[in-house]
Amino acid sequence: PVDLKYVKINAAYKKNVGYPQIELIGKSVTEIFSHLNEVDLQWMKKYIKVALSGEPTSFTQYFAHQDKWYSIYAYSPQYGFVVEISEDITERKEHEAKVTHYVSELAERNMDLNTSQSHYRDLLDHMHNIFQYHRVIDDGNGQAVDLEFAEVNPAFEMWTGLKIADVVGKRLPLVAH
């Protein structure tokens, strides 16, 4: 068996392939889709295997001539016959491609950020000058009332004797006491 013949189709299949039922019933797949090449017809080999073995299968398939993706389930109700249940999943595949692209971009940006943070951390850890980064605490009306240590470097610890872990997150006057 190198071909399949249409026996029955429903309205959804007719809509998917773009041919009226009258043009499909009794005709072979290769008659209807004569423009398809061997690669495009890989799905037909799967159907033939199902029809002859009785083992159902499911797969996704891109059909270039329609520029569409389908999720396909095929089973055999009796020897020599195959039933195909397909769903157009083109929108889902396009969405998945956009998500994959977005995740890839985020991963690249994250790697750039990690590299930048690593360089920054390396610079701070190895500089001999004291580095202090403070967050301004305001009174709710925009008036500064205090400073909080957000970050300090090892030189700060060496020159002040104050441990980094004891300082970061603390307000300036509380550290001095």
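Quick note: residue numbers are just sequence positions, from 1. Since the model is a prediction, treat every value here as computed from it, not as a measurement.
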S.K.: Could you pull out all residues at least two apart from I32 that satisfy side-chain contact (heavy atoms from CB on, under 4.5 Å)?
M.R.: Y6, Y19, L24, K27

S.K.: A side-chain contact here means heavy atoms from C-beta on lying under 4.5 Å apart; do T90 and Y70 qualify?
M.R.: no

S.K.: Could I get the full list of side-chain contact (heavy atoms from CB on, under 4.5 Å) partners for Y75, not counting sequence neighbours?
M.R.: P56, Y73, P77, V83, I85

S.K.: Looking at Q143, is its backbone amide N or carbonyl O close enough to the side chain of N141 to form a donor-acceptor pair, meaning the two atoms are under 3.5 Å apart?
M.R.: no

S.K.: Identify the heavy atoms of I48 and L4 that sit nearest to each other, and give their distance.
M.R.: CG1-CD2, 3.8 Å

S.K.: Going by the rule side chain to side chain donor-acceptor pair (under 3.5 Å), which residues pair with E94 if we only count those two or more places apart in sequence or in a different chain?
M.R.: none

S.K.: For P154 and D125, which heavy atoms make the closest approach, and how far apart are they?
M.R.: CD-OD1, 3.6 Å

S.K.: Applying salt bridge (charged side-chain N to carboxylate O under 4.0 Å, His left out), name anything that partners E23, two or more places apart in sequence or on another chain.
M.R.: none

S.K.: Between W43 and F63, is the ring centre distance below 6.0 Å?
M.R.: yes

S.K.: Considering all heavy atoms of both residues, which atom of D138 and which atom of V145 are nearest to each other, and what is their separation?
M.R.: C-CG2, 3.9 Å

S.K.: For D3 and S28, indicate whether the former's side chain and the latter's backbone hold a donor-acceptor pair under 3.5 Å.
M.R.: no

S.K.: Is the side chain of D122 donor-acceptor paired with the backbone N or O of Q117 at a distance under 3.5 Å, no angle test?
M.R.: no

S.K.: Go through the structure and list residues passing side-chain contact (heavy atoms from CB on, under 4.5 Å) with E105, not counting sequence neighbours.
M.R.: H101, R109

S.K.: Of all the heavy-atom pairs spanning A144 and V136, show the shortest one and how long it is.
M.R.: CB-CG1, 3.7 Å

S.K.: Residues in side chain to side chain donor-acceptor pair (under 3.5 Å) with S76, at least two apart?
M.R.: none

S.K.: Name each donor-acceptor pair under 3.5 Å that joins a side chain in residues 156-164 to protein atoms two or more places apart or in another chain, with its distance.
M.R.:
unit_1, atom_1, unit_2, atom_2, d
E157, OE2, I164, N, 2.9
T160, OG1, F156, O, 2.6
T160, OG1, L162, N, 3.1

S.K.: Report the C-alpha distance between E91 and I89 in whole Å, list the side-chain angles of each, state the deciding distance to 0.1 Å, and finish with yes or no for side-chain contact (heavy atoms from CB on, under 4.5 Å).
M.R.: CA-CA 6 Å; E91 283 184 29; I89 58 167; over 6 Å; no

S.K.: Show the nearest heavy-atom pair for residues N16 and S86, with the distance to one decimal.
M.R.: ND2-OG, 3.9 Å

S.K.: What salt bridge (charged side-chain N to carboxylate O under 4.0 Å, His left out) pairs are there with at least one residue in residues 49-68, not counting sequence neighbours?
M.R.: K68-D88

S.K.: Would I137 end up clustered with V168 when hydrophobic side chains under 4.5 Å apart are linked, directly or stepwise?
M.R.: no

S.K.: Does any pair with a residue in residues 123-147 pass ring-ring contact (aromatic ring centres under 6.0 Å, His included), and if so which ones, sequence neighbours excluded?
M.R.: H134-F149

S.K.: Quick one: side chain to side chain donor-acceptor pair (under 3.5 Å) partners of Q21, sequence neighbours excluded?
M.R.: none

S.K.: With a 4.0 Å cut-off, would you call R135 and E148 a salt bridge?
M.R.: yes

S.K.: Begin from the C-alpha positions of Y47 and T57 and carry the test side-chain contact (heavy atoms from CB on, under 4.5 Å) through to its verdict.
M.R.: CA-CA 8 Å; Y47 291 169; T57 190; 5.6 Å; no

S.K.: Same hydrophobic cluster for Y79 and V50, using side-chain heavy-atom links shorter than 4.5 Å among ILVMFWY?
M.R.: yes

S.K.: List the residues meeting side-chain contact (heavy atoms from CB on, under 4.5 Å) with K45, not counting sequence neighbours, and say none if there are none.
M.R.: E38, Q42

S.K.: Show the nearest heavy-atom pair for residues K170 and D166, with the distance to one decimal.
M.R.: CG-O, 3.2 Å

S.K.: Applying a strict under-4.5 Å side-chain criterion to I, L, V, M, F, W and Y, I'd like to know whether V7 and I25 cluster together.
M.R.: no

S.K.: Does the S116 side chain pair with the main chain of D112, one donor and one acceptor, at a distance under 3.5 Å?
M.R.: no

S.K.: Where does the angle between the aromatic ring planes of Y62 and W69 fall among parallel (under 30°), tilted (30 to 60°) and perpendicular (over 60°)?
M.R.: tilted

S.K.: Tell me every residue that passes side chain to side chain donor-acceptor pair (under 3.5 Å) with T60, counting only those two or more places apart in sequence or in another chain.
M.R.: none

S.K.: Would you say T100's side chain and E96's backbone share a donor-acceptor pair under 3.5 angstrom?
M.R.: yes

